[in-house]
There are 2 protein chains.
Amino acid sequence: MMEAIGAATMFHALSNTDRLAVLRALVAAGPDGLSAGEIAEQVGASPSRASFHLSALSDAGCVTRERQARSQRYRVDFERMGQLLAYLLEDCCGGNEQVRNCCVSHKSCC
Amino acid sequence: MMEAIGAATMFHALSNTDRLAVLRALVAAGPDGLSAGEIAEQVGASPSRASFHLSALSDAGCVTRERQARSQRYRVDFERMGQLLAYLLEDCCGGNEQVRNCCVSHKSCC
DNA sequence: CTTTCATTTCAATGGTTCTTGAAATAAATT
DNA sequence: AATTTATTTCAAGAACCATTGAAATGAAAG
């Protein structure tokens, strides 16, 4: 379960289109994730800019990092993202039916 | 369906504990919503500070506002919040099963 | 042990966000 | 019309965020 401060921190990490692009790239890459360099290239950011955004995502808990030889491998932290989704649904929407249905079949409502 | 810039704007609106408290108050209030003054009182903010946060939530589309005599009535915009939840699930998590299950029975995974 | 490669950290800069209290607007009441 | 009530807007200041390029770190290879 997640408290407000943690949710706010994750929401902040998601409040930037560069960082959303990073997540899309990681989702597209699948279970192996991507290295910092691959991410930088895919989202069209300089290494230091990519690193800045990756730190924000990692500090908030949206992604995990793992060193692999010279490079750093990043993956989406689905457990943590699931907790955030639960927070959004329960705390921000009171478990509203219309919102909940978006998970079951997201074509029917959104 | 929601594009990245709209999602980022909504995520930014949710990235502040005062604004999360506003949403909790609105959810607790039910379908009638709350006036700006009631919200300010419930979250312990000055009128101008509450108004600042309400504008952020309203501009992002998290809540609707409607004038009612002298006061302004705010409500959660569940349609828009559902779209954001769908964005979080699909674009940020690739429809991941573990994340999706949080909506069906959020005790089982989070 | 020096070089190379991958990534992060740092300092400087410019931009955005939040808070506060005062002034302005908007709508109803007297 | 003047007053009261509800809310927003404004200006100033502090705090925080994002971008850049250069310097520093970490890990492997020659």
Side-chain angles (χ1 to χ4, degrees), chain A residues 4-26 29 32-77, chain B residues 4-26 29 32-77:
Chain A
I5 181 72
T9 305
M10 290 187 81
F11 283 135
H12 171 254
L14 299 174
S15 72
N16 175 288
T17 52
D18 283 342
R19 293 194 288 262
L20 291 178
V22 168
L23 283 176
R24 271 195 303 280
L26 286 177
D32 288 348
L34 292 171
S35 70
E38 291 169 325
I39 292 167
E41 195 194 16
Q42 287 201 27
V43 309
S46 70
S48 96
R49 189 167 146 217
S51 181
F52 171 79
H53 289 306
L54 284 167
S55 289
L57 286 166
S58 172
D59 291 351
C62 299
V63 304
T64 61
R65 46 152 51 108
E66 182 195 7
R67 194 165 259 298
Q68 216 165 70
R70 269 195 270 219
S71 53
Q72 201 98 230
R73 197 136 280 266
Y74 286 89
R75 293 185 183 82
V76 180
D77 188 336
Chain B
I5 181 72
T9 305
M10 290 188 81
F11 283 135
H12 171 254
L14 300 174
S15 73
N16 174 287
T17 52
D18 284 342
R19 291 193 290 262
L20 291 178
V22 168
L23 283 176
R24 272 195 303 281
L26 287 175
D32 288 348
L34 293 170
S35 70
E38 291 168 325
I39 292 167
E41 195 194 18
Q42 287 201 27
V43 310
S46 69
S48 96
R49 189 168 146 215
S51 180
F52 171 80
H53 288 307
L54 284 167
S55 288
L57 286 167
S58 172
D59 291 351
C62 298
V63 305
T64 61
R65 48 153 48 110
E66 182 195 7
R67 194 166 259 298
Q68 215 165 70
R70 270 195 270 218
S71 52
Q72 201 97 231
R73 198 137 281 266
Y74 286 90
R75 293 184 183 84
V76 179
D77 188 336

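Each chain gets a letter, A, B and so on, in the order its sequence line appears, and its residues count up from 1. This one's a predicted model, so the numbers in the text were calculated from it and none came from an experiment.
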Please tabulate the protein-to-nucleotide N/O contacts below 3.5 Å involving nucleotides 12-14 of chain D, giving atom names and distances.
none

**Asked** Just to confirm, is there a sub-4.0 Å distance from OP1 or OP2 of dA6(C) to any side-chain nitrogen or oxygen of Ser35(A)?
**Response** no
**Message:** Please list, in numerical order, the residues of residues 39-54 of chain B that have a heavy atom closer than 4.0 Å to any atom of DNA chain C.
**Reply:** Ser48(B), Arg49(B), Phe52(B), His53(B)
**Message:** According to salt bridge (Lys or Arg N to Asp or Glu O under 4.0 Å), does anything in residues 5-16 of chain B pair up with another residue at least two apart or in another chain? List the pairs.
**Reply:** none
**Request:** Round to the nearest Å and state the distance from His12(B) atom NE2 to dT16(C) atom P.
**Result:** 12 Å
**Complete:** Stems field, DNA chain D, Watson-Crick or wobble, 3.5 Å, at least 3 pairs, by first number, holds C:1-30 with D:1-30
**Fill in**
Sorted by number, residues from residues 55-71 of chain B placing a heavy atom under 4.0 Å from DNA chain D are Arg65(B), Arg70(B), Ser71(B)
**Request:** Could you go through the side chain to side chain contact (heavy atoms under 4.5 Å, CB included) check for Asp59(A) and Thr9(A) one step at a time?
**Result:** CA-CA 9 Å; Asp59(A) 291 351; Thr9(A) 305; over 6 Å; no
**Prompt:** Any side-chain N or O of Asn16(A) under 4.0 Å from OP1/OP2 of dA18(D)?
**Reply:** yes
**Any donor-acceptor N/O pair, Arg19(B) side chain to Ala13(B) backbone, under 3.5 Å** = yes
**Prompt:** Closest approach of Asp18(B) and Asn16(B), non-hydrogen atoms and distance?
**Reply:** N-OD1, 2.8 Å
**Considering all heavy atoms, the nearest Arg67(B)-Arg70(B) contact** = NH1-O, 3.0 Å
**Asked** Closest heavy-atom contact between Ala36(B) and Tyr74(B)?
**Response** CB-CE1, 4.0 Å
**Request:** Tell me what Arg19(B) touches on the nucleic acid: a base, only sugar-phosphate, or nothing, going by heavy atoms under 4.0 Å.
**Result:** sugar-phosphate
**Message:** So, using salt bridge (Lys or Arg N to Asp or Glu O under 4.0 Å) as the criterion, who are the partners of Arg65(B) when residues are at least two apart?
**Reply:** none
**Complete:** Arg24(A) meets the salt bridge (Lys or Arg N to Asp or Glu O under 4.0 Å) criterion, sequence neighbours left out, with none
Identify all side-chain donor-acceptor contacts of residues 41-48 of chain A below 3.5 Å with residues at least two apart in sequence or on another chain.
{"unit_1": "Ser46(A)", "atom_1": "OG", "unit_2": "Arg49(A)", "atom_2": "N", "d": "3.1"}

**Asked** Taking only residues two or more places apart in sequence or in another chain, which ones pass side-chain contact (heavy atoms from CB on, under 4.5 Å) with Ala8(A)?
**Response** Thr17(B), Leu20(B)
**Asked** Of Val22(A), Ile39(A), Val63(A), which meets side chain to side chain contact (heavy atoms under 4.5 Å, CB included) against Leu34(A)?
**Response** Ile39(A)
**Request:** Using side-chain hydrogen bond (donor to acceptor under 3.5 Å, both in side chains) as the criterion, list what pairs up with Ser35(A), not counting sequence neighbours.
**Result:** Glu38(A)
**Item:** Side-chain donor/acceptor of Arg75(A) to backbone N/O of Leu26(A), under 3.5 Å
**Value:** no
**Asked** Does dA6(C) have OP1 or OP2 sitting under 4.0 Å from an N or O in the side chain of Tyr74(A)?
**Response** no
